[in-house]
S.K.: 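Okay, handing you the structure first.
Numbered from 1 within each chain, the chains take letters A, B, ... in sequence-line order.
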Amino acid sequence: MVPMASSPPLTNHLDILESHAIFILREVAAEGERPVLLFSGGKDSAVLLHLAAKAFAPQQLPFPIMHVDTGQNFEEVLRYRDWAAEHYGARLLIASVQESIDQGRVADPGQLGSRNRLQSVTLLDAITANKFDAAFGGARRDEDKARAKERILSFRDSFGQWDPKAQRPELWNLYQGRVNAGEHLRAFPLSDWTELDIWQYIEREQMELPSIYFAHERQVILRDGMWLAVGPFVEPQPHESVETKVVRFRTVGDANCTGAVLSNAASLSEIVAEVSVANVSERGATRGDDKFSETAMEDRKREGYF
Amino acid sequence: MGASTKDVLRLATIGSVDDGKSTLIGRLLVDTRQLFDDQLDAVAAASERRGVGDLDLSFVTDGLRAEREQGITIDVAYRYAATPTRKFIIADCPGHVQYTRNMATGASTADLALAVVDVAAGLKEQTRRHLCIAALLGVRNLVVAVNKMDRVEWSQSAFRTVADQVAVVSAELGFASCEVIPVSALLGDNVVDRSDASRWYSGPSVLEVLESTRAGDLTITAQGARLPVQWVLRQNGGGRTYAGMVNGGTFHVGDAVTLLPAGIETTISAIHLGGVSRADAYAGLSADIDLAAETDAGRGDMIAASPLPTVTKEFDATVCWFGEKPMEPGQRFRLKHTTRSTPARIIQLDGLIEIENLGVESVERLSINQIGLVKIGCADALVVDEYQVNRATGSFVLVDEVTNATVAAGMIGRPSFL
Ligand SMILES: Nc1nc2c(ncn2[C@@H]2O[C@H](COP(=O)(O)OP(=O)(O)OP(=O)(O)O)[C@@H](O)[C@H]2O)c(=O)[nH]1
Ligand SMILES: [Mg+2]
């Protein structure tokens, strides 16, 4: 018996990814008591917020959005964050790493040190304080080999930890997100999207993004093989020379550990063209935080990172 | 490039531990240049540091520390590849019996199973278990890579022996298509390009099959459109819209539909997505549907076109058991089916499927990784189809009421191969 296709299936990859993500957003929002959407102002969380708005239109979002603010952000990204919250009518919460430092929850790495890893503590404290039982994140499986292993609904114990050796089975589209008090879920609706899918979707939907994603002139220094933007969080050392280059950012993280790439891609279509022939991965090109150890992401995730 | 549209093929690797699944996926990705330079460098560096040669291809997907230390896949890795016309979602599954639940996770959404068999070892019980689970899960297309051909000097008779075993099992399990290919994942023969080492083989390479297969279409077997209601959207004017993902067919504005389990007959008055109106909604689309009749439908109800699904509190099912503790008749669980959850009980255990000969053996209880035939009773009525007809409305999971662990994958009805 060879069954016949009874109707044309959905065949466009962006439509398939979009519908799947919307399905996950609705499912977790329906089953969770207190979900939250983690919003950094980067392209992935921008797509996530855009999808959430579609999933619940014409209603308001049935959950707040939350920025874990390291205090070391690009100015353009903060402006975009506030614009996007307003544009999509979302209630914006800010969890501040500086406050965690002030309260002595984490050690101060100093003005120039990376606060990336500290975010986990701030995030988990905010989840506990707000009694969130589910947090949507924009992580994609193509970003890193540990993320490639993670379920779409990822269970976290009462310490916020991820145990990659004991993940729940996740069958079909039956997302099963029950947790006991104190535990929570991370939900990743963009799991199956690649960087190229993200850009193609942004282009299709004609979305706004922080300006730093598009080619612009900037003063940069070359440090550890990365072009870092000179600014309040990156001070040139005596041996480093400041150059003016045309650059753009492929990811948005902290200003002191996110590298720019040399690029003339100033429009969405130019970025799509550039990304589709890239030889170096997004994180490899731009993230200082993952360069040091083979399992940097896995280790951070175990501690409760995004 | 920007405006290009692609279809999506989901595939999962299956087969016994160490037969070369991860190596094959690594080879496929490396030889089609789907890996970025820095990712390839990282795999090479990790291989050197662990003393496993210049480039251990299994490290492309085996990304966890424990996996690399032990040289074994523990959980599914998802990898992506694309041609100008197709996006591949690749689930590289673990082979070890202890991680069968993870293999089922990877295979449950696959259109195609890429089975890997070590030519020297032949079909092991674990290979048969995976083939059986893939068939149960409704994967209809099978590609079998008979691997490590380099170890048997490309012996045609060694290949034929395994290919013949595969053909028998594939026919028993009722796969719609089965392509058997001699390969060396390690060296790359017949993975992307056809190899000179196998002059006696004139068929396609693994990549050629993946690029040309119509497996995605074959997965859709259903007859009638359904929309399990996920969420009720309030319209600004006061109307109500039912949001969910369509499966089983296409809804059009004006279609006669029935709201179940209530049984209210009405028509579709509008379809939208993200506030934009549309004329129809295909399977796989997250859509918002307005009904002509005023109803009080909510999450867990279903909008369905004929032929209608069945409304029932009791049904026969096939379950893959993943719980550490055995399952026994009488036990209670929470059952999740489409968007509805209900308390449920195992009324009867009719037996388990023997992997070796696909017979049914009667048993008192079901242990971890066994496949059982059960009768299930639910507190609330469910709106169901047979799994073989509709994967979305025919599937369910059982959840432990105390730990919230997912302890079983369930399929409504009995497998056709029994
Ligand atoms: N000679 C030879 N060895 C191979 C070939 N393919 C894989 N191997 C070796 O077989 C071993 C197991 O390979 P893996 O790819 O890790 O096997 P797997 O099927 O993914 O194993 P699990 O995921 O743990 O079930 C490794 O040492 C590989 O180098 C091949 O074509 N020829
Ligand atoms: Mg493997």
S.K.: Can you say whether B:His337 sits under 4.5 Å from chain A via the side chain, the backbone, both, or neither, judging by heavy atoms?
M.R.: backbone
S.K.: Taking side chain as everything from C-beta outward and backbone as N, CA, C, O, which of these in B:Val232 sits under 4.5 Å from a heavy atom of chain A? Side chain, backbone, both or neither.
M.R.: backbone
S.K.: In terms of heavy-atom pairs under 4.5 Å with chain B, which of A:Ala29, A:Ala146, A:Gly177 leads?
M.R.: A:Ala29
S.K.: Would you indicate whether the side-chain heavy atoms of A:Lys165 and B:Glu67 approach each other to under 4.5 Å?
M.R.: no
S.K.: Checking heavy atoms, do the side chain of B:Val402, its backbone, both or neither come under 4.5 Å from chain A?
M.R.: backbone
S.K.: So which part of A:Arg204 gets closer than 4.5 Å to some heavy atom of chain B, the side chain, the backbone, both or neither?
M.R.: neither
S.K.: Measuring heavy-atom distances to chain A, does B:Ile89 have an atom under 4.5 Å in its side chain, in its backbone, in both, or in neither?
M.R.: side chain
S.K.: Kindly indicate, with the supporting measurements, whether the criterion salt bridge (Lys or Arg N to Asp or Glu O under 4.0 Å) is fulfilled by A:Arg26 and B:Asp288.
M.R.: CA-CA 12 Å; A:Arg26 287 171 171 166; B:Asp288 313 341; 2.7 Å; yes
S.K.: Go through the atoms of B:Ala287 and report whether side chain, backbone, both or neither lie under 4.5 Å from a heavy atom of chain A.
M.R.: backbone
S.K.: Below 4.5 Å, heavy atoms only, C-beta onward: do A:Glu170 and B:Arg101 meet side chain to side chain?
M.R.: no
S.K.: Where does A:Glu27 contact chain B at under 4.5 Å (heavy atoms): side chain, backbone, both or neither?
M.R.: both
S.K.: Start with the C-alpha gap between A:Glu18 and B:Ser286, add the side-chain angles, then the distance that decides, and say whether side-chain contact (heavy atoms from CB on, under 4.5 Å) holds.
M.R.: CA-CA 8 Å; A:Glu18 176 187 67; B:Ser286 280; over 6 Å; no
S.K.: Rounded to the nearest 0.5 Å, what separation is found between the NZ atom of B:Lys87 and the CG atom of A:Leu14?
M.R.: 9.0 Å
S.K.: Where is the tightest heavy-atom contact between B:Asp38 and A:Ser281, given as atom of each residue plus distance?
M.R.: OD2-OG, 2.6 Å
S.K.: Going by atom types only, do B:Thr406 and A:Gln176 share a side-chain donor-acceptor pair under 3.5 Å?
M.R.: yes
S.K.: Which atom pair, heavy atoms only, marks the closest approach of A:Ile16 to B:Val8?
M.R.: CD1-CG2, 3.8 Å
S.K.: Contact between B:Leu137 and A:Trp172 at the side-chain level, heavy atoms closer than 4.5 Å - yes or no?
M.R.: yes
S.K.: Minimum heavy-atom separation for B:Tyr80 to A:Thr194, with atom names?
M.R.: CB-CG2, 3.6 Å
S.K.: Side chains of A:Arg168 and B:Asn404, heavy atoms from C-beta outward: is any pair under 4.5 Å?
M.R.: yes
S.K.: Do other residues, nucleotides or ligands put more than 12 heavy atoms under 6.0 Å from the CD atom of B:Glu48?
M.R.: no
S.K.: Are B:Leu64 and A:Glu298 side-chain neighbours, meaning at least one heavy-atom pair lies under 4.5 Å?
M.R.: yes
S.K.: Based on non-hydrogen pairs under 4.5 Å, which of B:Thr109, B:Val60, B:Val76 is most in contact with chain A?
M.R.: B:Val76
S.K.: Find the one option among A:Glu31, A:Arg141, A:Lys54 whose heavy-atom pairs under 4.5 Å with chain B are most numerous.
M.R.: A:Arg141
S.K.: Side-chain donor-acceptor pair under 3.5 Å between B:Tyr78 and A:Asp192, yes or no?
M.R.: no
S.K.: Check each atom of A:Val179 against the heavy atoms of chain B and say whether the ones under 4.5 Å are side chain, backbone, both or neither.
M.R.: backbone
S.K.: Looking only at heavy atoms and a cut-off of under 4.5 Å, which of A:Leu268, A:Asn173, A:Asp197 has the most pairs with chain B?
M.R.: A:Asp197
S.K.: If you measure only the distance, is there a donor-acceptor pair under 3.5 Å linking the side chains of A:Arg151 and B:Asn102?
M.R.: yes
S.K.: Give, as side chain, backbone, both or neither, the part of A:Ala53 having an atom under 4.5 angstrom from any heavy atom of chain B.
M.R.: neither
S.K.: Which region of B:Lys336, side chain (C-beta onward) or backbone (N, CA, C, O), has a non-hydrogen atom less than 4.5 Å from a non-hydrogen atom of chain A, or is it both or neither?
M.R.: both
S.K.: Could you tell me which non-hydrogen atom of B:Asp75 sits nearest to which non-hydrogen atom of A:Lys149, and how far apart they are?
M.R.: O-NZ, 2.6 Å
S.K.: Given that the side chain runs from C-beta out, which part of B:Asp92 has a heavy atom under 4.5 Å from chain A: side chain, backbone, both or neither?
M.R.: neither
S.K.: Is any side-chain heavy atom of A:Ile22 closer than 4.5 Å to one of B:Leu273?
M.R.: yes
S.K.: Within residues 55-63 of chain A, which positions have a heavy-atom distance to chain B below 4.5 Å?
M.R.: A:Ala55, A:Phe56, A:Ala57, A:Pro58, A:Gln59, A:Pro62
S.K.: Heavy-atom cut-off 4.5 Å, strictly under: side chain, backbone, both or neither for A:Leu17 against chain B?
M.R.: side chain
S.K.: Heavy-atom cut-off 4.5 Å, strictly under: side chain, backbone, both or neither for B:Gln39 against chain A?
M.R.: side chain
S.K.: In terms of heavy-atom proximity below 4.5 Å to chain B, should A:Ser269 be classed as side chain, backbone, both, or neither?
M.R.: neither
S.K.: Given heavy-atom pairs under 4.5 angstrom as the criterion, report whether the side chain, backbone, both or neither of B:Val397 touches chain A.
M.R.: both
S.K.: Set out, in order, the CA-CA distance, both residues' side-chain angles and the distance that settles salt bridge (Lys or Arg N to Asp or Glu O under 4.0 Å) for A:Arg178 and B:Glu401, then state yes or no.
M.R.: CA-CA 10 Å; A:Arg178 284 258 168 137; B:Glu401 290 184 306; over 6 Å; no
S.K.: Given side-chain contact (heavy atoms from CB on, under 4.5 Å), test B:Arg65 with A:Arg302 step by step and report yes or no.
M.R.: CA-CA 12 Å; B:Arg65 183 200 306 272; A:Arg302 281 171 176 276; 5.6 Å; no
S.K.: Pick one of side chain, backbone, both or neither for B:Thr338, based on which atoms fall under 4.5 Å of a heavy atom in chain A.
M.R.: backbone
S.K.: For the atom pair CZ (B:Phe88) and NE2 (A:His13), what is the distance rounded to the nearest 0.5 Å?
M.R.: 13.0 Å
S.K.: Are B:Phe322 and A:Leu171 side-chain neighbours, meaning at least one heavy-atom pair lies under 4.5 Å?
M.R.: yes
S.K.: Could you report the tightest heavy-atom contact between B:Met245 and A:Ser19, atom names first, then the distance?
M.R.: CE-O, 3.5 Å
